[in-house]
Amino acid sequence: MIHKIDILYWRLAVFMLVLSLVVVRLTGAMPVHAQALPAFPLIYHGTAEIQGIPVKDGALITARMGSVVFGPVVVKDGAFYNLAVKADSSHNKEVITFYLQGAEPAEQQMIYKYVNYPILPSAMVLTFNSMPIPTPTPSATATSTPIPTATLVPTPAPPIPTPSPLSPMSVGMEIVGDGTLSRGERGQLRLEANPNGHRILRLEAIISADPRQVKILGSEPGDLLPRALSGQQVSGAAMTVIIFQLDATPALHRMGSLVEVEFEVLRDGGTGEVKFELLGLNAINENDHPIAIDLQQSEAVASVIGFPGDVNGDAIVNIIDLALFGRAFGTSERGRYYNAVADFNADGVIDTLDLSTIVYYYNKES
Amino acid sequence: MRYSFTVLTAILVAVLLMLTCQDAPSDQEIRASVIEGSTVTVSLLPARSEVAVGDKILFSIQVYANRSLSAADIELSFASQYVQVVAFGAGDALGPSPLRGIDHIDNGAGSARIALARVGPSDITGPVESTLATVMLEIVGSLADTNLSLSISQIELVDGKYNIISEVIANQAVLTSEQ
């Protein structure tokens with residue numbers, strides 16, 4: 001009898017083991033064969049100048065790698081943003097050349113590096129020798145040839161309509177609401193755009209802020225990307241957002257939201273503001289080509305009310321704040337009692353400089 | 001086999017019941033019980049009570065509390081035609097070298113204020129019976145016709161849990177002219 005029960009238990013144990021292996025395999029917990037990861041673009045931004053003078057607004061900058069052209073991006077205030085270069089690994093270590101108006105090469109070149117993970121954009125200064133002169137289109141010149149007599153002139157074939165090129169997608173960034181926040185409060189940052197008829201299939205954005213001032217909490221696709229899957233990577237206060245549309249968006253011609261980012265203000269308004277910067281933006285259309293972007297505004301600023309010294313955030317600097325400050329006094333960032341809120345000058349040490357701040361604001365109410 | 005399974009189940013149920021039925025006090029309840037403790041008393045104790053013009057008298061501001069302290073903001077008021085504050089310093093109630101948030105003497109208006117805070121974490125246990133601060137006064141006017149009172153016009157104490165202590169009784173000191 002006991003022998004039979006033992007066999008039964010053994011069979012049950014083996015069955016459970018097999019079953020768990022099957023379940024683990026089906027749910028993906030087992031390692032699977034590595035799949036080729038998609039390439040991520042190298043994004044370039046910076047300034048463009050001709051012999052030390054900023055390139056005029058509206059000029060176009062492109063990047064070329066072999067026969068492949070990337071861009072263009074539009075120069076504004078002497079700067080360009082979001083020039084995305086992406087290719088597969090076979091182009092690794094190829095030279096990237098930058099062109100002004102598609103003709104004038106820059107003195108600087110870059111080497112393409114295939115990456116399958118998001119990286120921060122590279123800042124550069126592109127220097128050109130001159131603004132290329134547009135090639136004159138041949139025009140008919142008047143000649144003194146006599147008017148031909150009635151000869152049959154073949155009727156020209158009606159021109160084949162070519163699709164008119166779309167304007168670059170205009171993009172800006174703004175703080176939702178009145179842009180006034182206090183420490184501990186959550187705010188929203190919106191990346192707005194008018195696609196100008198472009199159909200967006202994929203979007204990658206890199207937004208940064210001072211990690212001592214704000215903490216980026218997360219992001220969501222905006223109303224322009226209704227059928228999107230999004231992913232994000234937050235490192236300090238730099239965030240990379242990647243959004244995939246399940247299918248390309250319709251060709252819209254209206255302002256809307258691309259990405260909405262939620263953040264939290266960490267400090268009182270010692271500097272009076274928190275600045276967000278759009279470091280990179282890369283939009284891909286339905287044909288897997290980059291969409292030209294006209295960046296209207298790459299910065300957004302939120303005003304922070306309150307003042308340093310209010311350690312407990314009750315809008316008044318009083319003896320409780322001094323007590324909390326005293327607790328952290330003399331510590332540095334790795335110290336057990338270090339309190340970043342009491343480090344008013346954000347130098348990583350809570351010392352007499354910070355004490356002078358709390359003394360200055362003592363008894364003040366916001 | 002079956003017996004051990006029953007025993008194990010019973011133990012598991014008992015542990016779960018113990019965990020769910022524990023009535024642990026919340027942080028708020030703990031804080032409330034601390035704040036609602038007995039009143040804290042602060043007294044001005046002069047080194048001597050009979051004085052003459054030109055004398056310098058040291059006062060100690062003593063605190064009697066049933067809990068630890070992390071900071072104090074004390075304002076004194078006095079009749080400036082009779083006394084002037086020479087020095088206002090920290091005692092030992094807030095550790096050996098507390099921070100000074102405010103250290104202000106206005107002999108014209110007859111007020112002096114000091115805000116002190118302990119450096120480092122507060123010791124959250126144990127009563128305090130020690131000197132919060134010391135004041136050195138100089139007698140500048142004759143007290144022949146009057147008794148001079150020195151009082152604490154405003155005081156805020158912060159306990160070891162960084163809450164303001166709501167009930168603080170402050171006793172004044174009276175000086176008389178030396179016979």
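By convention in this document, chain letters (A, B, ...) are assigned in the order of the sequence lines, proteins followed by strands, and residues within each chain are numbered from 1.
- Heavy atoms only, all atoms of each residue included: A/Tyr362 and B/Ala115 are closest at OH-CB, 3.7 Å.
- The local environment of CD in A/Glu260 is crowded, with over 12 non-hydrogen atoms from other residues, nucleotides or ligands closer than 6.0 Å.
- Heavy-atom pairs under 4.5 Å with chain A were tallied for B/Ala117, B/Ala71, B/Pro121; the largest tally goes to B/Pro121.
- Proximity to chain A at a heavy-atom threshold of 4.5 Å picks out B/Leu99, B/Arg100, B/Gly101, B/Ile102 from residues 93-111 of chain B, in numerical order.
- Residues A/Ala323 and B/Tyr162 approach most closely at O-CE2, 3.5 Å, considering heavy atoms.
- No other option in A/Asn312, A/Ile319, A/Ile358, A/Val359 has as many heavy-atom pairs under 4.5 Å with chain B as A/Ile319.
- In the displayed structure, A/Arg336 atom CZ is contacted under 6.0 Å by at most 12 heavy atoms of other residues, nucleotides or ligands.
- Residues of residues 72-86 of chain B lying under 4.5 angstrom from chain A, judged on non-hydrogen atoms, are B/Ala72, B/Asp73 in numerical order.
- Rounded to the nearest 0.5 angstrom, B/Ser70 OG and A/Leu322 CG are separated by 9.0 Å.
- Residues that satisfy the side-chain hydrogen bond (donor to acceptor under 3.5 Å, both in side chains) test with A/Gln188, not counting sequence neighbours, are absent from this structure.
- Only the side chain of B/Val158 comes within less than 4.5 Å of a heavy atom in chain A; its backbone stays farther off.
- Listed by chain and number, the residues in a side-chain contact (heavy atoms from CB on, under 4.5 Å) with B/Tyr64 are B/Thr41, B/Ser43, B/Leu45, B/Gln62, B/Glu129 (sequence neighbours excluded).
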